[in-house]
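No experiment lies behind these values; they were computed from the predicted model shown.
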Amino acid sequence: MAKTAGKNNWALFLLLLAGIVIGSFIAHATSGIPFLSWLNYGQKFGLTSPVTINLGVIVLTLGFTIKITIGSIIGILIAVILYRFI
């Protein structure tokens with residue numbers, strides 16, 4: 001019942017989330033630069049057309065897509081390295 005000694009898992013989650021967002025932003029921002037355009041290379045997957053559920057009173061539209069780029073992978077790696085040094 002004792003709290004395990006170690007690092008905070010929420011800190012890792014927030015660092016990973018920040019690494020994904022910042023890496024994706026940098027990849028998108030450098031997509032027009034010829035020697036850095038490889039950062040925006042990636043794969044997009046998920047629900048391409050949203051699912052709509054009409055319940056009469058409420059209409060629910062559900063959709064989910066993820067785009068993984070080289071920039072976001074580099075951001076994840078940097079976040080993990082920073083977490084190890086914290």
Item checked: Over 12 non-hydrogen atoms of neighbours within 6.0 angstrom of CG in Leu16 -> yes
Check: With a cut-off of 6.0 Å (strictly less than), are more than 12 heavy atoms of other residues, nucleotides or ligands near CD1 of Ile58?
Finding: no
Extract all donor-acceptor atom pairs below 3.5 Å that involve side chains of residues 36-45 and protein atoms in other chains or at least two apart in sequence.
from	atom 1	to	atom 2	distance (Å)
Ser37	OG	Pro34	O	3.2
Trp38	NE1	Phe35	O	3.1

Notebook entry, point to check: Would you call Ile68 and Ile73 a side-chain contact if the rule is heavy atoms closer than 4.5 Å?
Noted result: yes
Next item on the list: Determine whether Ile86 and Arg84 make a side-chain contact, defined as any pair of heavy atoms from C-beta on separated by less than 4.5 Å.
Entry: no
Next item on the list: Verify the cluster assignment for Val80 and Phe85: are they in a single hydrophobic cluster under the rule of side-chain heavy atoms below 4.5 Å apart?
Entry: no
Check: Hey, quick one: are Ile76 and Tyr83 part of the same hydrophobic cluster, counting side-chain heavy atoms closer than 4.5 Å, chains of contacts allowed?
Finding: yes
Check: Roughly how far, to the nearest 0.5 Å, is the CD1 atom of Ile70 from the CD1 atom of Ile26?
Finding: 14.0 Å
Item checked: Spacing of Ile74 atom CD1 and Leu77 atom CG [to the nearest 0.5 Å] -> 7.5 Å
Item checked: Trace of the side chain to side chain contact (heavy atoms under 4.5 Å, CB included) decision for Leu17 with Leu15 -> CA-CA 5 Å; Leu17 190 61; Leu15 277 173; over 6 Å; no
Next item on the list: Report the C-alpha separation of Thr52 and Leu60 in whole Å, then their side-chain angles, then the decisive distance to 0.1 Å, and conclude whether the side chain to side chain contact (heavy atoms under 4.5 Å, CB included) test is met.
Entry: CA-CA 6 Å; Thr52 303; Leu60 296 172; over 6 Å; no
Checklist line | Side-chain donor or acceptor of Ser24 paired with backbone N/O of Val21 under 3.5 Å | finding: no
Check: Is a side-chain N or O of Thr30 found less than 3.5 angstrom from the main chain of Ile33, in a donor-acceptor match?
Finding: no
Checklist line | Closest non-hydrogen atom pair between Thr69 and Ala27, with its separation | finding: OG1-CB, 3.9 Å
Check: Taking it one step at a time, do Ile66 and Phe64 satisfy side chain to side chain contact (heavy atoms under 4.5 Å, CB included)?
Finding: CA-CA 7 Å; Ile66 296 176; Phe64 186 74; 3.4 Å; yes
